[in-house]
2 protein chains.
Amino acid sequence: MKEQKKAPISKQTLNRMPAYFLYLKKLDFQEHQSISAAAIANDLNLNEIQVRKDLAAVSSSGGKPHKGFDICTLIEDIKAYLGYDDVNNAVIVGAGKLGQALLCYDGFSEYGLNILAAFDADPTVIHRSINSKYVYPMEKIPEICHLLNIQIGIITVPAAYAQLVCDQLVDSGIRAIWNFAPVLLNVPQKILVQNENMAVSLAILSKHLAVKLQEK
Amino acid sequence: MKEQKKAPISKQTLNRMPAYFLYLKKLDFQEHQSISAAAIANDLNLNEIQVRKDLAAVSSSGGKPHKGFDICTLIEDIKAYLGYDDVNNAVIVGAGKLGQALLCYDGFSEYGLNILAAFDADPTVIHRSINSKYVYPMEKIPEICHLLNIQIGIITVPAAYAQLVCDQLVDSGIRAIWNFAPVLLNVPQKILVQNENMAVSLAILSKHLAVKLQEK
DNA sequence: TTATTATCGATATAAATTTATCGATAATAA
DNA sequence: TTATTATCGATAAATTTATATCGATAATAA
């Protein structure tokens with residue numbers, strides 16, 4: 001009866017995990033077999049102790065004195081922790097430029113995201129495939145979502161339509177929304193919303209740049 | 001000799017600013033003239049005191065008892081604070097789907113970002129305009145950047161080319177990079193890098209969803 | 001006019017996160 | 001074998017961020 005339960009991981013640690021993941025995967029191609037927290041910290045511009053703590057939180061086997069962490073094991077641990085091993089079925093609503101960009105990017109499967117279909121209102125884009133994913137007319141949302149057991153809806157429609165689309169997705173049984181429209185969606189408690197808010201990044205960039213230019 | 005200097009704003013507060021901005025702008029279209037911190041907190045699912053503190057940090061005139069904050073003034077204050085009033089000239093390198101999506105989105109000017117041109121290596125996309133922005137061949141990066149006094153470079157090329165492009169941009173005098181490629185860029189200290197890392201969002205979504213599905 | 005109320009802002013407390021310290025341990029070198 | 005060193009992990013201290021408390025104030029109601 002051991003069931004060694006780790007403490008829940010902090011939000012900030014979770015935020016850094018994908019960076020570790022990317023970093024380690026790149027290393028994995030190269031010669032190395034293990035790596036120290038200090039080295040990672042140096043490359044990612046983080047604090048060494050922070051890295052050690054972050055890794056300790058997900059690592060199954062821990063690090064070894066004088067060697068560090070085994071890269072392969074760590075990658076697997078992070079994958080397992082972040083749920084990249086679980087497959088999540090998703091659809092995209094809005095097959096404009098951004099929607100198409102996401103449809104064409106095949107790297108999401110790396111993270112367990114499986115985009116199965118798209119929807120759009122524009123008659124010139126529906127009823128054809130983009131990167132082997134069929135674009136259905138909007139009316140088909142409920143039918144397809146139920147049929148394919150879709151859990152994630154990705155919203156890439158213009159801001160004005162986002163809430164409408166969101167409501168339809170929720171009614172169609174999806175559990176989570178990845179929202180690229182610059183609006184705050186209204187959803188029932190049980191639905192998870194992740195906003196991909198470019199305005200936030202832009203604001204931070206803009207702010208930092210302004211500060212930097214002034215310093216000069 | 002007053003020069004009332006406000007305390008520097010915390011990172012977390014800065015992160016929330018764009019959300020306030022979007023929210024207030026939407027309100028502005030409607031009847032209201034002022035709004036309380038409590039109401040904002042309620043709508044954005046934040047803590048009331050947090051909102052009050054955040055707004056106090058940027059507000060020029062403060063809120064009024066029994067009324068709250070003046071919406072218009074607050075919008076202007078946030079705009080000024082985030083530097084949305086300053087114009088930043090930018091170019092996009094990589095006119096693929098994602099690059100085109102960004103080129104076609106006219107909403108960035110709202111945030112002071114002015115995308116003036118694009119670059120690509122693909123002969124089928126260069127020498128034509130996308131949403132009135134000309135796509136130049138890669139070689140033109142230094143010339144155009146200097147000519148147009150570009151401060152921000154947006155990278156939307158495949159991961160493998162990102163570092164190369166980054167180096168070229170830095171050599172061409174840009175000050176900040178908005179990086180959409182899933183790689184960690186190496187830049188001189190003086191250059192600002194903002195990573196738009198979709199994998200981070202996806203990881204968080206994935207993780208939260210996994211937790212939620214387990215609970216059920 | 002006076003009381004009541006909604007709201008703010010300042011100060012204080014609590015919680016989360018980051019960073020520092022230090023003893024333990026496995027790899028390497030002497 | 002023994003000493004040295006790089007590294008970890010645990011615990012502690014410091015910092016940052018979030019939340020609570022409470023007196024002050026302007027709008028409204030009595």
Side-chain angles (χ1 to χ4, degrees), chain A residues 4-20 23-24 27 31-71 73-74 77-78 200 204 207-208, chain B residues 4-20 23-24 27 31-74 77-78 81 200 204 207-208:
Chain A
Q4 182 69 0
K5 218 181 227 164
K6 296 213 181 196
I9 282 181
S10 83
K11 286 172 200 165
Q12 304 305 314
T13 297
L14 171 55
N15 270 290
R16 284 185 293 268
M17 275 304 150
Y20 295 131
Y23 173 80
L24 292 168
L27 275 191
E31 73 276 21
H32 317 77
Q33 217 196 343
S34 52
I35 189 162
S36 73
I40 297 176
N42 186 255
D43 287 349
L44 297 186
N45 265 302
L46 296 171
N47 179 286
E48 174 185 338
I49 295 136
Q50 187 172 61
V51 172
R52 233 189 335 264
K53 266 190 132 179
D54 285 348
L55 297 184
V58 295
S59 168
S60 53
S61 53
K64 285 199 177 157
H66 212 134
K67 280 188 78 185
F69 294 82
D70 180 70
I71 294 177
T73 314
L74 211 42
D77 288 340
I78 296 178
V200 172
I204 294 168
K207 180 71 199 163
H208 286 336
Chain B
Q4 182 70 1
K5 218 181 226 164
K6 296 213 180 196
I9 281 182
S10 84
K11 286 173 202 166
Q12 304 306 313
T13 296
L14 173 55
N15 269 285
R16 284 186 292 269
M17 275 305 149
Y20 295 130
Y23 173 80
L24 292 169
L27 274 192
E31 73 278 20
H32 317 76
Q33 216 198 344
S34 53
I35 189 164
S36 73
I40 297 175
N42 185 257
D43 286 349
L44 297 186
N45 265 303
L46 296 170
N47 180 287
E48 175 186 336
I49 294 136
Q50 188 172 62
V51 173
R52 230 183 344 258
K53 265 188 132 179
D54 285 348
L55 297 185
V58 293
S59 169
S60 54
S61 53
K64 287 201 175 155
H66 212 132
K67 279 188 78 183
F69 294 82
D70 180 70
I71 295 177
C72 287
T73 313
L74 211 43
D77 289 339
I78 296 178
Y81 177 73
V200 172
I204 296 169
K207 181 68 198 165
H208 286 335

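Quick caveat: nothing in here was measured; it's all calculated off a predicted structure. Lettering of chains follows the sequences in order, A, B, ..., and the numbering in each one begins at 1.
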Subject >> Among dT17(D), dT7(D), dA27(C), the nucleotide that comes nearest once only the side chain of Lys67(A) is considered >> reply: dA27(C)
Original post:
Does any donor-acceptor pair link the side chain of His66(A) with the base of dT5(D) at a separation under 3.5 Å?
Top reply: yes
**OP:** Whole angstrom is fine here: how far is it from NZ in Lys53(A) over to P in dA14(D)?
**Re:** 15 Å
**OP:** Side chain of Phe69(A) only, please: which of dA27(D), dT17(D), dC8(D) is the nearest?
**Re:** dC8(D)
Original post:
Which nucleotide, in any strand shown, forms a Watson-Crick or G-U wobble pair with dA30(C), with both distances under 3.5 Å?
Top reply: dT1(D)
Original post:
Is there a Watson-Crick or G-U wobble partner for dA12(C) with both distances under 3.5 Å, and which nucleotide is it?
Top reply: dT19(D)
Original post:
Counting side-chain heavy atoms from C-beta on, which of dT17(C), dA18(D), dT25(D) comes nearest to Gln12(A)?
Top reply: dT17(C)
**OP:** For the pair Asn42(A) (side chain) and Ala38(A) (backbone), establish whether a donor and an acceptor sit closer than 3.5 Å, ignoring hydrogens and angles.
**Re:** no
**OP:** Would you mind reading off the distance between Asp54(B) atom CG and dG9(C) atom P, rounded to a whole angstrom?
**Re:** 13 Å
Original post:
So do Arg52(B) and Ile49(B) actually touch side chain to side chain, heavy atoms under 4.5 Å?
Top reply: yes
Original post:
If we only count heavy atoms from C-beta on, is the Ile78(A) to Leu24(A) side-chain gap below 4.5 Å?
Top reply: yes
**OP:** Could you tell me whether the phosphate oxygens of dC8(D), OP1 or OP2, come under 4.0 Å of any side-chain nitrogen or oxygen in Arg52(A)?
**Re:** yes
Original post:
Taking CG from Leu46(B) and P from dA18(D), how many angstroms apart are they, rounded to a whole number?
Top reply: 10 Å
Subject >> Protein-nucleotide distance (Glu48(B), atom CD; dT19(D), atom P), rounded to Å >> reply: 12 Å
Original post:
Of the non-hydrogen atoms in Thr73(B) and Ser61(B), which two are nearest, and what is the gap between them?
Top reply: CG2-OG, 3.8 Å
Subject >> Length of the CD1-P vector between Ile49(B) and dA20(D), whole Å >> reply: 6 Å
Original post:
Roughly how far, to the nearest 0.5 Å, is the CG atom of Asp54(A) from the OG atom of Ser59(A)?
Top reply: 12.0 Å
Subject >> Rounded distance in Å - CG (Leu55(A)) to C1' (dG9(D)) >> reply: 12 Å
**OP:** Using both distances under 3.5 Å as the test, list the Watson-Crick or G-U wobble partner of dT25(C), or none.
**Re:** dA6(D)
Original post:
Nearest-Å distance, CG (Asn47(A)) to C1' (dT15(D))?
Top reply: 12 Å
Subject >> Minimum-distance nucleotide (side-chain atoms of Ser36(B) versus dT17(C), dA27(C), dC8(C)) >> reply: dC8(C)
Original post:
Counting just side-chain N and O atoms, does Arg16(A) come under 4.0 Å of either OP1 or OP2 of dT17(C)?
Top reply: no
**OP:** Can you tell me the distance, in whole Å, between the CD atom of Gln50(B) and the C1' atom of dA15(C)?
**Re:** 13 Å
